[in-house]
Amino acid sequence: MTTATPSISFFNTLTRRKEKFTPIEKGKVQMYTCGPTVYDYAHIGNFRAFLFEDLLKRWLEYRGYTVTHVMNLTDVDDKTIRGSQKQQIPLQQYTEHYAKAFFEDSKALNIKPANHYPKATSHIPEMVALIKKLIKNGYAYKGQDGSIYYAISKFKNYGKLSHIKVAELKAGARVKTDEYTKEEAQDFALWKAWTPEDGDVFWETELGKGRPGWHIECTAMSMKYLGETFDIHCGGIDNMFPHHENEIAQSEAATGRKFVNYWLHNEHLLVEGRKMAKKLGNFYTLRDLLGKGYDPIAIRYLLLSSHYRAQFNFTFEALDAAGAAVERLRNFVRRLQDAPGKGSGGKVAELLRGVQLGFGEAADDDLNVSVALAVLFDFVREVNVLLDAGVVSRSEADEVGALMNRFDGVLGVVGKVEETETLPKEAEELIEKREAARKAKDWATADALRVRLSELGVVVEDTAQGVRWRLVKQD
RNA sequence: GCUGGGGUGGCCGAACGGUUCAGGCGACAGCCUGCAGAGCUGUUACAUAUGGGUUCAAUUCCCAUCCCCAGCUCCA
């Protein structure tokens, strides 16, 4: 038992400081995470964000919170419209394909599903209502092109999240294209008036014929599912400005209340030391890696094992290492099943206390997963020493196993290692034959059988408790 | 150009200014094993980009230089 109540702290982008986390409602957490734009297969950088959010949610749950998680799917924007036109299929058919792929990929990475996955196209009325409110409150105006824009000059706290001063924004290409329709260059579209390029993608609403802007969707949908003020909002660092800044402006102008208490942003991924870019040849979707034969759980472990606020350098060498690290954890859990059972005289109990404390303190500290894993691996080694000495009892091993299971509820990499897998009949017979050969000290036959088994994908290991087998993935 | 985040061993990555700079992976050696696997132990001789400075003490603070990345362009 811990003496002090554990308290989680997060680095809040809003204040640029680590803050103790206190939810609005005791024991409950409302979180919103910016989901994918379903115009293509998601790449590993996208998944770093989604895995960070998954870890965050799982840690909150480990600490006893009930988490309500909402992740949006952006299914109408320039890219999706262009993509569907290129393939000459309806927008919905186009986006559904990639939405389905996204869910498949998420499942492969063992990402826990969110409670809601609202789609932008299913929430047009909510967005229209919100925009009307913003017009009424004096924060929005109709431009000469018929689009509705948000007047950022009216929102005095604009820039509080990104710490960007509007006056210092560099005049970019955007100014040129829009200077005759917006009152100010940085004003952003809430509602985009239909243009011929949009084809058959439009909604006839009180705001006119058109489609919603990007930022308004997150505001409308987060409010619908989580309320006007909620606890946590996450996303990649690139979303901090302008997307999240604009969300704040929209929400707080509409409700007069604080939108989000804790903003958490994850840093980007580098690949082989460079930013991931198609032209550099280092751009990978999850599917690319799975196609190369990599284990999605190794990818999960790798992307999870470093701190979310630091840029992470993805390399294939590190991916192999991640696979080996996961295997080490699995072997450990497997070993526990064979604990012979004499009792360690309290040593295991002491290790259990220590690892829970150490792991918890690290994860509580802004999800310092690297330190948490270091604590865990120290624990694994020390218990392995006791297992080698044959002093771990059955019940002690069970306690260790239960804890590993709890930790894996957070990490999601070990999975079930009980032999629910079935051994092919053929392999079963080979193992029996090999045991007979070993008894007879006919090593040549035993070794030949071991080779044949491995060809069947069955690894046999001789331990003090007898022969053990496990299935390995066949390439 | 402006603003911000970084550069730690063969690789990936931790580290309230202070005992020998975590942990994982890899390599090598030893123990164990019939052999292997798993596991354990040890090693991987000066790993903190470079040059200064502050300090009794710097990976940590300050300055300069080089390099990488990001935001200012609806890309996690």
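Every chain is numbered from 1, with letters handed out A, B, ... down the list of sequences.
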Student: Does a nitrogen or oxygen in the side chain of A/Arg334 sit under 4.0 Å from OP1 or OP2 of B/G39?
Tutor: no
Student: Is A/Arg438 close enough to B/G34 that one of its side-chain N or O atoms is under 4.0 Å from OP1 or OP2 there?
Tutor: no
Student: Any stacking of A/His163 on B/G4, going by centres under 5.5 angstrom and planes within less than 30 degrees?
Tutor: no
Student: Does B/G39 have OP1 or OP2 sitting under 4.0 Å from an N or O in the side chain of A/Arg328?
Tutor: yes
Student: Go ahead and name the base partner of B/G4; Watson-Crick or wobble counts if both distances stay under 3.5 Å, otherwise write none.
Tutor: B/C69
Student: With distance as the sole test, does A/Arg330 use its side chain to make a donor-acceptor pair with the main-chain N or O of A/Val414 at under 3.5 Å?
Tutor: yes
Student: Which nucleotide wins on minimum distance to the side chain of A/Ser306, given the candidates B/G13, B/G39, B/C12?
Tutor: B/G13
Student: Out of B/G13, B/G24, B/C40, which nucleotide sits closest to the side chain of A/Ser370?
Tutor: B/G13
Student: Are any of A/Lys79's side-chain N or O atoms less than 4.0 Å away from OP1 or OP2 of B/C75?
Tutor: yes
Student: Please report the distance separating the P of B/G17 from the corresponding atom of B/A58, rounded so that it comes out in whole Å.
Tutor: 14 Å
Student: Quick check on RNA chain B: between A/Trp443 and A/Trp214, whose nearest nucleotide comes earlier from the 5' end?
Tutor: A/Trp443
Student: May I ask you to evaluate whether A/Asn313 reaches the phosphate of B/C12, defined as a side-chain N or O under 4.0 Å from OP1 or OP2?
Tutor: yes
Student: Describe, in one word, how the ring planes of A/Trp194 and A/Phe202 are oriented to each other, choosing from parallel (under 30°), tilted (30 to 60°) and perpendicular (over 60°).
Tutor: perpendicular
Student: Look at the aromatic rings of A/His244 and A/Trp263 and report parallel, tilted or perpendicular, splitting at 30° and 60°.
Tutor: tilted
Student: In whole Å, what is the span from the CD atom of A/Gln311 to the P atom of B/A14?
Tutor: 12 Å
Student: Can you tell me which nucleotide in B/C35, B/A76, B/C72 comes closest to the side chain of A/Asn266?
Tutor: B/A76
Student: Out of B/A76, B/C72, B/C40, which has the shortest distance to the side chain of A/Pro242?
Tutor: B/C72
Student: Who is the Watson-Crick or G-U wobble partner of B/U20, with both distances under 3.5 Å?
Tutor: none
Student: When only distance counts, do a donor and an acceptor, one from the side chain of A/Arg450 and one from the base of B/A36, lie under 3.5 Å apart?
Tutor: yes
Student: CG of A/Leu329 versus P of B/A38: gap in Å, rounded?
Tutor: 14 Å
Student: Does the structure show a Watson-Crick or G-U wobble partner for B/G51, both distances under 3.5 Å? Name it, or say none.
Tutor: B/C63
Student: Calculate, to the nearest 0.5 Å, the distance between atoms CG and CD1 belonging to A/Asp75 and A/Ile81 respectively.
Tutor: 10.0 Å
Student: It should be established whether A/Asn368 places a side-chain nitrogen or oxygen under 4.0 Å from OP1 or OP2 of nucleotide B/A15.
Tutor: yes
Student: Let's see if you can work this out: which of B/G13, B/C11, B/G34 has an atom nearest to the side-chain heavy atoms of A/Glu317?
Tutor: B/C11
Student: Should A/Asn384 be listed as having a side-chain N or O under 4.0 Å from OP1 or OP2 of B/C40?
Tutor: yes
Student: What's the closest nucleotide to the A/Ala321 side chain, out of B/G39, B/G24, B/G13?
Tutor: B/G24
Student: Any donor-acceptor pair under 3.5 Å linking the side chain of A/Tyr150 with the backbone of A/Ala249?
Tutor: yes
Student: Using purine N1 to pyrimidine N3 plus N6-O4 or O6-N4 for Watson-Crick, or N1-O2 and O6-N3 for G-U wobble, both under 3.5 Å, which nucleotide pairs with B/C31?
Tutor: B/G39
Student: Counting side-chain heavy atoms from C-beta on, which of B/A22, B/C69, B/A14 comes nearest to A/Ala374?
Tutor: B/A22
Student: For the side chain of A/His268, starting at C-beta, report the closest nucleotide among B/C12, B/A76, B/C72.
Tutor: B/A76
Student: Is there a Watson-Crick or G-U wobble partner for B/G10 with both distances under 3.5 Å, and if so, which one is it?
Tutor: B/C25
Student: If every non-hydrogen atom of A/Met71 is compared with every non-hydrogen atom of A/Pro118, which pair is closest and at what distance?
Tutor: O-CD, 3.2 Å
Student: What's A/Thr74 touching, base or sugar-phosphate or nothing? Going by heavy atoms closer than 4.0 Å.
Tutor: nothing
Student: Partner of B/A15 by Watson-Crick or G-U wobble geometry, both contacts under 3.5 Å, or none?
Tutor: none
Student: Tell me whether the side-chain N or O atoms of A/Asp320 pair up with the base of B/C11 as donor and acceptor below 3.5 Å, since no angle test is needed here.
Tutor: no
Student: Of A/Leu373 and A/Thr463, whose closest RNA chain B nucleotide lies nearer the 5' terminus?
Tutor: A/Leu373
Student: Taking a pair as Watson-Crick or G-U wobble with both distances under 3.5 Å, which nucleotide is matched to B/C46?
Tutor: none
